[in-house]
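FYI, side chains are in, hydrogens and waters are out, and symmetry mates aren't considered; it's all heavy atoms of this structure. Chain identifiers are assigned alphabetically (A, B, ...) following the order of the sequence lines, protein sequences preceding nucleic acid strands; residue numbering begins at 1 within each chain.
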2 protein chains.
Amino acid sequence: MRRSSVAIQRRNTRQRTLVLEAVRNRRDHPTAEDIYLDVRAHDDRVSRATVYRNLRFLEGEHAITCVKAPGGDRFDLRLDDHAHVVCTECGAVVDATVPYDRDADDAVATGTGYAITTHRTIFEGICPACQQKLANTAN
Amino acid sequence: MRRSSVAIQRRNTRQRTLVLEAVRNRRDHPTAEDIYLDVRAHDDRVSRATVYRNLRFLEGEHAITCVKAPGGDRFDLRLDDHAHVVCTECGAVVDATVPYDRDADDAVATGTGYAITTHRTIFEGICPACQQKLANTAN
DNA sequence: ATGCTTGCAAACAGTTTGCATCTAA
DNA sequence: TTAGATGCAAACTGTTTGCAAGCAT
């Protein structure tokens, strides 16, 4: 017996692999443009559109996650849910040191009637480097 | 003795007041465009640029906050820090029912070296209305 | 062979900016 | 009087999309 709904078939193209590899090889939180440049370093014929399409695709597959930061989305290999810290001065993004609070999802689901799938926490502050820079410029 | 740095002087223009009023008069989380339309309802000569400028200005004054949602920033009168819930189907934004966890800021500051000023939590899920809609369309 | 994917370029959405003019203080 | 604020339109940034050609299965 066949499935009534058409199975979406995804193909492992060279470009798709390059995009995933690029995300995988970075510990920071690259923008789409960063990924594009990394991919281009391996194959300079890949288009930006393909990078964007694959980034969205991989996000849909839950292979990667995106962090909405000012100045554009940042991508991240999805190993587990975790929070991020973004520097309000330079835009640098690092992982936060607090655990993901799964119970909060249930609390909000109960409180709002929404079917909660996840939550994202973004801390805002100034990174050590920018604190330095600001201290030197002070007054 | 004079202050060495020049004080920034802000003016209370009619347009600025209209923008703040518009945000104040809404309990939902309007986009810049929503605010623009509300302002235009009172004065159809106010430009979009002025609305954007004042939205950013008021954000800088901490009079309002912005929630980064897919499809554009949402604005909110800042009464206190609180989390938001965004519907992944229709984009609706409502306030979450969990308290703001101030201790988390300290924990992250200690853990990362960042000078944390705040954090924003955005829950993702499907609002009651869209759950209905999806149920009706289901297989 | 089939139809998902690509590359290109053009389209897009949301937002910002240069500049002459206006206006709050 | 004067520097901040405005309105307009053009510029910009990040991202998406239409279409013909390409390639994984």
Side-chain angles (χ1 to χ4, degrees), chain A residues 2 5-23 29-40 42-61 63-76 86 90-91 93, chain B residues 2-3 5-23 29-40 42-61 63-75 86 90-91 93:
Chain A
R2 285 245 196 79
S5 58
V6 180
I8 300 146
Q9 51 180 330
R10 54 224 146 72
R11 295 180 181 180
N12 295 318
T13 61
R14 192 170 38 79
Q15 293 88 330
R16 182 161 294 167
T17 304
L18 282 171
V19 170
L20 184 51
E21 288 289 286
V23 177
H29 297 73
T31 60
E33 184 67 13
D34 292 331
I35 296 299
Y36 170 70
L37 293 174
D38 286 358
V39 168
R40 291 287 278 205
H42 288 84
D43 179 343
D44 65 1
R45 277 168 309 184
V46 177
S47 74
R48 227 177 292 265
T50 296
V51 171
Y52 275 96
R53 275 189 286 237
N54 279 311
L55 247 13
R56 294 288 163 233
F57 172 83
L58 292 169
E59 190 189 356
E61 297 283 285
I64 63 176
T65 46
C66 97
V67 182
K68 300 217 160 293
D73 292 352
R74 303 305 199 87
F75 295 88
D76 201 3
V86 53
C90 70
V93 178
Chain B
R2 282 244 198 82
R3 304 198 57 141
S5 59
V6 180
I8 299 146
Q9 53 180 328
R10 54 221 147 73
R11 295 179 181 180
N12 295 319
T13 60
R14 193 170 38 77
Q15 293 88 331
R16 180 161 295 168
T17 305
L18 282 172
V19 170
L20 183 52
E21 287 289 286
V23 177
H29 297 73
T31 60
E33 183 68 15
D34 292 332
I35 296 299
Y36 170 69
L37 292 173
D38 285 359
V39 169
R40 291 287 279 205
H42 288 84
D43 180 342
D44 65 1
R45 278 168 307 183
V46 177
S47 75
R48 227 178 290 264
T50 295
V51 171
Y52 275 96
R53 274 190 286 237
N54 279 311
L55 248 12
R56 294 288 162 233
F57 172 83
L58 292 169
E59 190 190 355
E61 295 283 285
I64 63 176
T65 46
C66 97
V67 182
K68 300 217 159 292
D73 292 353
R74 303 305 199 87
F75 296 88
V86 52
C90 69
V93 177

Which residues pass the side-chain hydrogen bond (donor to acceptor under 3.5 Å, both in side chains) test with A/T17, not counting sequence neighbours?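 A/T17 satisfies side-chain hydrogen bond (donor to acceptor under 3.5 Å, both in side chains) with no other residue.
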side-chain hydrogen bond (donor to acceptor under 3.5 Å, both in side chains) against B/T65, all qualifying residues, sequence neighbours excluded: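 Not a single residue meets the side-chain hydrogen bond (donor to acceptor under 3.5 Å, both in side chains) criterion with B/T65.
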Could you give the distance from [atom1] ([X]) to [atom2] ([Y]), rounded to the nearest 0.5 Å?
{"X": "B/E33", "Y": "B/Y52", "atom1": "CD", "atom2": "OH", "result": "6.0 Å"}
{"X": "A/D34", "Y": "A/F75", "atom1": "CG", "atom2": "CZ", "result": "10.5 Å"}
{"X": "A/R74", "Y": "A/I35", "atom1": "CZ", "atom2": "CD1", "result": "10.5 Å"}
{"X": "A/R53", "Y": "A/R56", "atom1": "CZ", "atom2": "CZ", "result": "13.0 Å"}
{"X": "B/L20", "Y": "B/F57", "atom1": "CG", "atom2": "CZ", "result": "10.0 Å"}

Rounded distance in Å - [atom1] ([X]) to [atom2] ([N]):
{"X": "B/D44", "N": "D/dC8", "atom1": "CG", "atom2": "C1'", "result": "15 Å"}
{"X": "A/R10", "N": "C/dG3", "atom1": "CZ", "atom2": "P", "result": "18 Å"}
{"X": "A/N12", "N": "D/dG22", "atom1": "CG", "atom2": "P", "result": "22 Å"}
{"X": "A/E59", "N": "D/dG14", "atom1": "CD", "atom2": "C1'", "result": "15 Å"}
{"X": "B/E61", "N": "D/dG4", "atom1": "CD", "atom2": "C1'", "result": "13 Å"}
{"X": "A/R56", "N": "D/dT16", "atom1": "CZ", "atom2": "C1'", "result": "10 Å"}

Which residues pass the side-chain contact (heavy atoms from CB on, under 4.5 Å) test with A/V46, not counting sequence neighbours?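 Scan of A/V46 (side-chain contact (heavy atoms from CB on, under 4.5 Å), adjacent residues dropped) gives A/Q15, A/L18, A/V39, A/D43, A/T50, A/V51.
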Spell out, as yes or no, whether a donor-acceptor pair under 3.5 Å connects the side chain of B/H29 to the backbone of B/V93.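 Present.
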For the backbone of B/R11 and the side chain of B/R16, can you confirm whether one donor and one acceptor N or O come within less than 3.5 Å of each other?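 Pair found, side chain donor or acceptor close to backbone of B/R11.
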Evaluate A/K68 against B/D73 for salt bridge (charged side-chain N to carboxylate O under 4.0 Å, His left out), listing each step before the verdict. CA-CA 11 Å; A/K68 300 217 160 293; B/D73 292 353; over 6 Å; no
Short N/O separations, protein against nucleotides 21-23 of chain C, under 3.5 angstrom:
residue : atom : partner : partner atom : Å
C/dT23  : O2   : B/R11   : NH1          : 3.3

Over the length of the helix from C/dA1-D/dT25 to C/dA25-D/dT1, how much do the five-pair end axes diverge, rounded to 10 degrees?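 Here the helix ends are tilted 40° relative to one another.
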Given protein heavy atoms under 4.0 Å, the one-letter contact record of nucleotides 6-14 of chain C, with B base, S sugar-phosphate only and - none, is simply BBBB----S
